[in-house]
Protein chains: 2
Amino acid sequence: MNLKQLAESLNLSQTTVSRALNGYPEVREETRARVLAAAQAANYQPNSRARRLATGRAMTIGHVIPLAGKTEMVNPIFADFLAGAGEVYANEGYDLLLSIVSDGEAERAYRQMAANGSVDGVMIQSPETDDTRIALLRELGLPFLVHGRTQNPDGYSWLDVANKSAFRKATNFLLDLGHRRIALINGQENLDFAARRRAGYAEAIWSRGMAPNPDWMRADVMTEGFGYVAASKMLDLAETPTAFLVSSVIPAIGVRRAVVERGLVLGRDISLVTHDDVLSYMNNDADGPAFTATRSSIRGAGQRCAEILIDLIRKPNQPHVQELWETELTVGRSTGPAPAG
Amino acid sequence: MNLKQLAESLNLSQTTVSRALNGYPEVREETRARVLAAAQAANYQPNSRARRLATGRAMTIGHVIPLAGKTEMVNPIFADFLAGAGEVYANEGYDLLLSIVSDGEAERAYRQMAANGSVDGVMIQSPETDDTRIALLRELGLPFLVHGRTQNPDGYSWLDVANKSAFRKATNFLLDLGHRRIALINGQENLDFAARRRAGYAEAIWSRGMAPNPDWMRADVMTEGFGYVAASKMLDLAETPTAFLVSSVIPAIGVRRAVVERGLVLGRDISLVTHDDVLSYMNNDADGPAFTATRSSIRGAGQRCAEILIDLIRKPNQPHVQELWETELTVGRSTGPAPAG
DNA sequence: AGCGGCGTTCAAAGCGCTTTGAGCATATGG
DNA sequence: CCATATGCTCAAAGCGCTTTGAACGCCGCT
């Protein structure tokens with residue numbers, strides 16, 4: 001059933017039927033009711049391809065997800081972010097176009113989306129400190145929102161977590177517990193969030209008159225295996241850390257494995273603070289928080305990002321939206337006073 | 001730049017330019033070369049909205065992802081499955097439309113996709129033993145492929161892992177090690193894969209003249225927290241299991257946490273076999289396989305599923321494709337002979 | 001009676017492509 | 001030299017909507 005047939009069956013013009021369905025005011029209420037009833041009865045749905053061509057709007061938002069590292073893995077936080085954003089998109093009538101590309105192919109993907117008009121805007125995630133995508137999208141004139149930000153966060157819209165202050169707070173928390181040898185297991189430090197976390201960590205250490213020790217700092221794609229390997233190596237050093245500060249729950253699980261394997265007890269022999277994105281399947285709260293953590297829901301961020309982006313699409317030429325979310329530090333069972341000695 | 005302008009700039013008709021770009025034979029090679037060069041120079045990309053309307057094809061495949069459980073979580077395996085499928089889609093020129101819906105909203109999402117023609121086919125994941133989506137999509141006439149299958153797997157195309165035999169093998173492996181008290185930490189058993197795994201587990205136990213013990217069997221959404229809680233309860237029973245068979249690496253990590261917390265050592269005091277979907281960020285192989293596991297790459301499945309579905313879309317009226325993948329059992333460090341007594 | 005304004009409806013143009021059917025050369029065969 | 005085939009190109013129709021601009025009937029006003 002298409003609009004023409006529906007209009008004919010009602011003895012109305014396509015114009016009137018279209019207007020009735022789309023809520024335009026120049027249609028008599030009685031007529032609108034008739035149209036709505038007939039549409040309902042016939043299970044009429046306007047063809048989205050035709051509608052998109054006619055309106056010039058794609059009613060679609062693009063997410064380009066780059067595969068990270070040599071092993072091309074998908075950052076698991078994307079799933080929860082998408083869940084949050086997708087919910088808002090659905091409510092607002094937008095589709096979500098997902099493009100998963102190898103590292104380096106992202107630019108081509110954005111250019112294509114802009115050129116062939118398949119999306120009205122795009123979401124950028126996990127930017128590098130000096131991310132080239134921002135200049136590109138500005139050039140392409142495609143509305144976009146960045147989840148995270150770059151070193152120079154001016155001139156575009158973003159939503160970010162206060163990474164630096166979160167890791168400063170977490171480091172201070174460990175320092176206050178008496179820890180002096182604190183390790184940092186970070187994400188890839190070309191990514192802005194990781195660079196800021198490292199800065200917060202270093203700042204706290206410097207502020208106590210100490211210097212960060214490179215032996216106790218590692219950064220890589222945040223897998224369970226990386227956490228395990230990084231912590232293992234540090235725990236085999238002559239001078240081992242007494243505490244770990246970890247960038248995500250996933251590598252934190254690897255750290256825990258390395259700790260336990262050495263017969264050490266988390267929260268007693270070794271302390272661990274992690275950033276917790278509140279991943280749904282990695283709930284840190286079953287039976288009380290296992291890890292002491294700075295937390296900020298990635299899913300909540302996805303929702304808010306979607307709201308902002310849609311607003312940016314609907315009302316162009318508005319000032320840039322920039323939102324910074326503070327994190328809370330939840331004390332769990334993975335931290336305790338530094339062991340004597 | 002649109003087709004009309006491009007054609008004018010070349011002094012050719014839109015017809016010829018369109019044909020040249022789309023590789024039709026009735027165009028002189030010299031002309032085609034001219035057109036291609038001009039298109040390249042102008043960075044011309046056909047407007048996808050117009051193309052879709054004209055061809056009647058959406059060049060898009062839909063994935064409807066239901067949020068599971070009361071907490072509405074996203075099954076983390078979806079990310080890796082999407083990565084695999086997305087790669088193939090991109091190569092074949094298809095877009096990926098992602099719809100994330102609350103449980104129970106899935107039917108509406110499929111109906112809408114079918115009615116408004118936004119997709120050419122859909123992928124179904126994690127079917128229930130008697131999944132209603134299959135009848136629905138058949139009724140809607142929308143091509144689809146099921147990753148997994150239902151109790152009655154006839155009359156539609158699917159790709160599945162041999163779940164029953166995998167868990168039979170895994171259980172026998174534990175039985176052969178002398179374990180007699182084997183627990184099953186399963187996914188939600190309304191899902192077909194979980195039901196089959198349970199059947200394989202039970203079959204192996206019955207075949208040794210024993211009976212499965214309900215106290216040692218739990219099933220729920222496969223989170224780390226669920227694994228932890230389920231294993232904790234079992235380890236606090238008067239008669240505790242000596243081995244755990246777990247449906248995914250994620251709850252297996254929770255089981256490990258519960259085991260370690262009780263001062264027990266995995267692979268010595270307690271054995272653990274898990275199914276490993278080879279999630280990229282949960283690599284079970286950093287430093288040798290931590291868990292003994294039946295494994296089958298979810299990402300590989302995504303790739304193959306995408307290939308099959310595209311083929312189904314391109315050539316309708318072909319016989320159903322049904323593919324069953326066997327798993328391999330990799331012995332890691334989480335299993336050992338049953339402790340004496 | 002004539003006029004403007006309002007509420008309602010319509011025919012037709014347009015979105016930017018693909019595809020059909022026709023047309024015009026040029027080549028081929030009888 | 002005509003008839004037919006072949007290679008290449010074109011104008012125009014069509015995909016199913018939205019949106020513009022016009023038209024129609026009716027009302028109240030002067």
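Residue numbers begin at 1 in each chain, while the letters A, B, ... track the order of the sequences.
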Checklist line | Residue-phosphate contact under 4.0 Å: A/Thr31 side-chain N/O, C/dT8 OP1/OP2 | finding: no

Note to self: So, OP1 or OP2 of C/dT20: does either fall under 4.0 Å of a side-chain N or O from B/Tyr24?
What the structure shows: no

Any donor-acceptor pair under 3.5 Å linking the side chain of [X] with the backbone of [Y]?
X        : Y        : value
B/Gln322 : B/Pro153 : yes
B/Thr60  : B/Ala58  : yes
B/Ser48  : A/Asn116 : yes

Between [atom2] on [N] and [atom1] on [X], what's the gap in Å once rounded to a whole number?
X       : N      : atom1 : atom2 : result
B/Gln45 : C/dC17 : CD    : P     : 11 Å
A/Leu6  : D/dT18 : CG    : P     : 12 Å
A/Leu3  : D/dG14 : CG    : P     : 17 Å
A/Arg52 : C/dC17 : CZ    : C1'   : 16 Å
B/Leu10 : D/dC10 : CG    : P     : 10 Å
B/Glu8  : D/dC10 : CD    : P     : 12 Å
B/Arg34 : D/dC8  : CZ    : P     : 14 Å
B/Lys4  : C/dC15 : NZ    : P     : 7 Å

Margin query: side chain to side chain contact (heavy atoms under 4.5 Å, CB included) for B/Cys305 and B/Ile308? Distances and angles first, verdict last.
Written below: CA-CA 5 Å; B/Cys305 281; B/Ile308 297 174; 5.8 Å; no

Next item on the list: Please assess A/Leu159 against A/Glu307 for the test side chain to side chain contact (heavy atoms under 4.5 Å, CB included), listing each intermediate value before the final yes or no.
Entry: CA-CA 11 Å; A/Leu159 182 154; A/Glu307 286 173 13; over 6 Å; no

Minimum-distance nucleotide (side-chain atoms of [X] versus [options]):
X       : options                : value
B/Arg28 : D/dC8, D/dC17, C/dT8   : D/dC8
A/Asn22 : D/dT18, D/dG16, C/dT18 : D/dT18
A/Asn2  : C/dT9, D/dG16, C/dC17  : D/dG16
A/Arg57 : C/dT18, D/dG16, D/dT19 : D/dT19
B/Leu53 : C/dT9, D/dG16, C/dC17  : D/dG16

Item checked: side chain to side chain contact (heavy atoms under 4.5 Å, CB included) between B/Val64 and B/Val122, worked out -> CA-CA 8 Å; B/Val64 176; B/Val122 298; 5.6 Å; no

Item checked: Sorted by number, the residues of residues 11-21 of chain B with heavy-atom contact under 4.0 Å to DNA chain C -> B/Gln14, B/Thr15, B/Ser18, B/Arg19

Checklist line | Whether over 12 other heavy atoms sit under 6.0 Å from B/Arg57 CZ | finding: no

Check: Is atom CD of A/Glu26 surrounded by more than 12 heavy atoms (other residues, nucleotides or ligands) closer than 6.0 Å?
Finding: yes

Next item on the list: Name the residue closer to the 5' end of DNA chain D, choosing between A/Thr55 and B/Ala50 according to the nucleotide with the nearest heavy atom.
Entry: B/Ala50

Checklist line | DNA chain D: 5'-proximal contact among B/Glu26 and A/Asn47 (nearest heavy atom) | finding: B/Glu26

Next item on the list: Over 60° means perpendicular and under 30° means parallel, so classify the ring planes of A/Tyr89 and A/His63, tilted if in between.
Entry: perpendicular

Item checked: Chi angles and distances behind the side chain to side chain contact (heavy atoms under 4.5 Å, CB included) call for B/Gln318, B/Leu312 -> CA-CA 7 Å; B/Gln318 62 179 303; B/Leu312 252 28; 3.7 Å; yes

Check: Per the end-axis method with five pairs at each terminus, what is the bend angle of the helix from C/dA1-D/dT30 to C/dG30-D/dC1, to 10°?
Finding: 60°

